[in-house]
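Notes for the one structure printed next.
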Amino acid sequence: MFIYDSVQKTKREFTPLIEGKASLYVCGPTVYDDAHLGHAKSALVFDLLVRVLKANGYDVTYARNITDIDDKIIKKAKEQNKTIKEITDFYTDAYHAEMRQLGVSAPDIEPKATESLEAIYELIQTLIDSKHAYATADGDVYFDTSSDKEYLSLSKRIQDEDDKQNRVESSSLKKNGADFALWKSVKDGSLTFSSPFGEGRPGWHVECSAMIEKHMALPHAEFAVDIHGGGADLLFPHHENEAAQTRCGTNHALANYWMHNGFVNIDGEKMSKSLGNSFFLKDALKVYDGEVLRFYLLSTHYKSNFNFNEEDLSASKKRLDKIYRLKKRLFGLAENDEPTPFQAHLLKALSDDLNVSNALALIDEMITKTNETLDTPGKHKQLKKEALSNLAYIKNLLGFGTKNAYEYFQFGVNEAVKTKIDLLIAQRDEAKKAKDFEASDKLRDEILACGVSIMDTPQGTFWERV
RNA sequence: GGUGCCAUCGCCAAGUGGUAAGGCCGCAGCCUGCAAAGCUGCUAUCCCCAGUUCAAAUCUGGGUGGCACCUCCA
């Protein structure tokens, strides 16, 4: 298994801290709004990573946090005249439901900031005690970046007096411009916790370090976890700050491997909140099957930026369709999970830093080869067994082909239209039997007008949504 | 301005020294009552220039053009 380490900027062979085990911590969403395609991409990438690690025999512990303390949440609650918890519960539930539709497996641990306050206090206190953090006169606690000689080693940024971190966490009481808040004394009373440092709430960066220590850190290892992941934008300042906190507040570094997934753009435009063109997952899921979105978002290497557009999505769907058509072709045959050479090749491709492109090429070649043989006379008993096993393997490893093939092809068609189509197909079959091709072609035109295509097979006439 | 990434067929996209995967689209054909699906065949020398090498899409230098982060952000 090879992983591109975005800190060392090189592909490294994966060697876990404990043989046979792998721990992965990924920065999850801040639950103040609906998840967008970027959240989906990140969740999908690490879902795939977990599957590939498991397929390689690792006993994986996967944590993905929920940030439920944040200024944006407070703002939203005020706007909607709701409690903080109403907001965070709503968006957490929505996130979970949408991830399920994408076929993203639930993480083993899903820590929340609000449930980790003791761990956060403990870490802040340790940092204060060791002089890596200091309280200001107005009640904030800052991490002293000048106390950490390795600060900025992660992002390899050059310390800049003009650093923009100045702007946001702009307390004139900070010692250094780059210092970031571990604890923010509350000024407006909207969301506050009683801590040893007074009333207030934790800063964003500290929760991840604290939760990693609480839930998964190996006390005596060189690193707290094997892999830490998240979106490319998190490298700085979020991960840089996490790394500093853990380095200074514990006896180990944060992670051995760092993975950062690329951004999702939409039609070439940055999907940023300030531009207001965020493409919400919930909207995409109304139009496309979750598995189509899964396939599309995973079809490009995770490190690259991803340009979401309908044309590419459509091309991607056609590729997924082929998996389902083969599945349909083998419908009704007994399941089988005997290993095949194809499966070893597929796993090898994915084990190379999740090379999905090569994996998809292998899948397409397998499908073509199988169809080719199936097109020739004969029972092909062994080939069918292998193909079924391969499809099952693809389903488990990549999450493609998990649904009933007929339902997949009928996604988004309502019951009334389905009934109409079935009726027209029955009429057409009658006309065909009577060799009245003029009538049957006319009926087919009517069926096509429903937005579907049909195909005559020895097993009967089937239809698919176009 | 600082740091970093990228540039491969009409489109998407692998490939990091050994002579260009795969998919979509298109064209021709097989199959089909006709279609659809499936199958077969056809379609690139890798942004430009210079260099290193027996050998470069892959390494080096320069250029041009995109992009990301540096601010809450996956």
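Quick note on labels: first sequence line is chain A, next is B, and so on, each numbered from 1.
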Q. Do you know the tightest heavy-atom contact between A:Y324 and A:E291?
A. OH-OE2, 2.7 Å
**Q.** Close approaches to RNA chain B from residues 435-448 of chain A, in residue order (heavy atom, under 4.0 Å)
**A.** A:F437, A:S440, A:D441, A:R444
Q: Under 4.0 Å between any heavy atoms, over every strand shown, what does A:L234 touch: base, sugar-phosphate, or nothing? Just pick one.
A: sugar-phosphate
Q.
Taking the minimum atom-to-atom distance to the side chain of A:D233, which one of B:rA74, B:rC24, B:rA68 wins?
A. B:rA74
Q) Will you find, in the side chains of A:D71 and A:Y32, an N or O donor that is under 3.5 Å from an N or O acceptor? A) no
Report, one pair per line, the protein and nucleotides 17-21 of chain B atoms (nitrogen or oxygen only) whose separation is under 3.5 Å.
none

Q. Any chance the side chains of A:E240 and A:H205 put a donor and an acceptor closer than 3.5 Å?
A. no
Q: Check the side chains of A:H39 and A:E98 for a donor-acceptor pair under 3.5 angstrom, ignoring hydrogens and angles.
A: no
Q) Please give, in whole Å, the distance from B:rA37 C1' to A:Q459 CD? A) 12 Å
Q.
Regarding A:K41, tell me which of base, sugar-phosphate or nothing describes its non-hydrogen contacts under 4.0 Å with the strands shown.
A. nothing
**Q.** Whole angstrom value for the distance that separates C1' of B:rC31 from CG of A:N371
**A.** 13 Å
Q | Pair A:S116-A:E207, side-chain donor/acceptor within less than 3.5 Å | A | no
Q.
Whether A:E310 and A:K317 form a salt bridge (side-chain N of Lys/Arg under 4.0 Å from carboxylate O of Asp/Glu) is what I want to check.
A. no
Q: Report which part of the nucleic acid A:V264 touches: base, sugar-phosphate, or nothing (heavy-atom distance under 4.0 Å, all strands).
A: base
Q. Counting side-chain heavy atoms from CB outward, which of B:rG4, B:rC72, B:rG15 is closest to A:W204?
A. B:rC72
Q: Pick base, sugar-phosphate or nothing for A:N309, based on heavy-atom distances below 4.0 Å to the nucleic acid.
A: nothing
Q.
In this structure, how many angstroms lie between the C1' atom of B:rU3 and the CG atom of A:L235, rounded?
A. 10 Å
Q: Measure from the side chain of A:K72, starting at C-beta and using heavy atoms only, and say which of B:rA74, B:rC39, B:rC72 lies closest.
A: B:rC72
Q: With heavy atoms under 4.0 Å as the rule, sort A:E372 into base, sugar-phosphate or nothing.
A: sugar-phosphate
Q. Closer than 4.0 Å, any side-chain N/O of A:K322 to the OP1 or OP2 of B:rG22?
A. no
Q: Under 4.0 Å between any heavy atoms, over every strand shown, what does A:G38 touch: base, sugar-phosphate, or nothing? Just pick one.
A: base
Q) How would you label the contact of A:R64 with the nucleic acid (heavy atoms, under 4.0 Å): base, sugar-phosphate, or nothing? A) nothing
(Q) What's A:H301 touching, base or sugar-phosphate or nothing? Going by heavy atoms closer than 4.0 Å. (A) sugar-phosphate
Q | Base-pairing assignment for B:rA13 (Watson-Crick or G-U wobble, both under 3.5 Å) | A | none
